[in-house]
Amino acid sequence: MKLVQDIDRFDEYQVALIKEITQAIAVKLVEAGLEGELMENTTAHIAFSVASILDDTTRIEADGAEVHPYLTFRSGDYELVHCGENAYTYEFLTGIFKEMFEE
């Protein structure tokens, strides 16, 4: 695998990822019977929690060792796209919420 630093593609991919996660959360909450403001707020809280894990701002431990996620995206069979630092999916959530809930 070739590790390629491409911030523009990385941003495009992480927006798609966190948007898909957020939409899946909302769908499952609606299926569970939540609606309106409660569903929207709960979606936001869960999405921010997931983003915090992906962006390495939540402490993760496994077998006594700290674990630090580093998000990459496979682009083709032999290429991984990264941004050279931790992900920042949380930065895109406000726009995604507006798109999803302020229609």
Would you compute the distance between atom [atom1] of [X] and atom [atom2] of [Y] and round it to the nearest 0.5 angstrom?
| X | Y | atom1 | atom2 | answer |
| --- | --- | --- | --- | --- |
| E85 | Y70 | CD | OH | 8.0 Å |
| I18 | I96 | CD1 | CD1 | 6.5 Å |
| I46 | T22 | CD1 | OG1 | 10.0 Å |

Please collect all ring pair (Phe, Tyr, Trp, His ring centres under 6.0 Å) contacts where either partner lies in residues 30-49, sequence neighbours excluded, each pair once. F48-F97

Members sharing I53's hydrophobic cluster, built from side-chain contacts under 4.5 Å between Ile, Leu, Val, Met, Phe, Trp and Tyr, are I60, V67

Might you work through the side chain to side chain contact (heavy atoms under 4.5 Å, CB included) test for L54 and I21, ending with a clear yes or no? CA-CA 11 Å; L54 291 173; I21 289 169; 4.1 Å; yes

For residues 39-50, which residue pairs pass the salt bridge (Lys or Arg N to Asp or Glu O under 4.0 Å) check, not counting sequence neighbours?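 Not a single pair qualifies under salt bridge (Lys or Arg N to Asp or Glu O under 4.0 Å).
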
Within residues 87-97 or reaching into it, pairs that qualify as salt bridge (Lys or Arg N to Asp or Glu O under 4.0 Å) - sequence neighbours excluded: none

I'd like to know if V50 and V30 are part of one continuous hydrophobic network [Ile/Leu/Val/Met/Phe/Trp/Tyr, side-chain heavy atoms within less than 4.5 Å]. yes

Side-chain heavy atoms under 4.5 angstrom apart, residues restricted to Ile, Leu, Val, Met, Phe, Trp, Tyr: same cluster for F92 and L17? yes

What residues, two or more places apart in sequence or in another chain, satisfy ring pair (Phe, Tyr, Trp, His ring centres under 6.0 Å) together with Y90? none

Once side-chain hydrogen bond (donor to acceptor under 3.5 Å, both in side chains) is applied, do any residues pair with T43, and if so which ones, sequence neighbours excluded? none

Apply side-chain hydrogen bond (donor to acceptor under 3.5 Å, both in side chains) to E31 and list each qualifying residue two or more places apart in sequence or on a separate chain.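 Only K28 meet the side-chain hydrogen bond (donor to acceptor under 3.5 Å, both in side chains) criterion with E31.
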
Kindly state each residue pair satisfying side-chain hydrogen bond (donor to acceptor under 3.5 Å, both in side chains) with at least one member in residues 1-20, sequence neighbours excluded.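 Checked against side-chain hydrogen bond (donor to acceptor under 3.5 Å, both in side chains) - neighbours excluded - the pairs reaching residues 1-20 are D6-R9, R9-S75, R9-E79, D11-Q14, D11-Y88, K19-E99.
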
Results of side chain to side chain contact (heavy atoms under 4.5 Å, CB included) for [X] - residues two or more places apart only:
| X | result |
| --- | --- |
| L34 | L29, L38, M39, T42 |
| S52 | T57, T58 |
| L80 | M1, L3, T72, R74 |
| E61 | R59 |

If every non-hydrogen atom of P69 is compared with every non-hydrogen atom of N86, which pair is closest and at what distance?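 Smallest heavy-atom distance, with atoms named: O-OD1, 4.1 Å.
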
So do the side chains of T89 and D55 get within less than 4.5 Å of each other, counting heavy atoms only?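 Answer yes - side chains close enough.
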
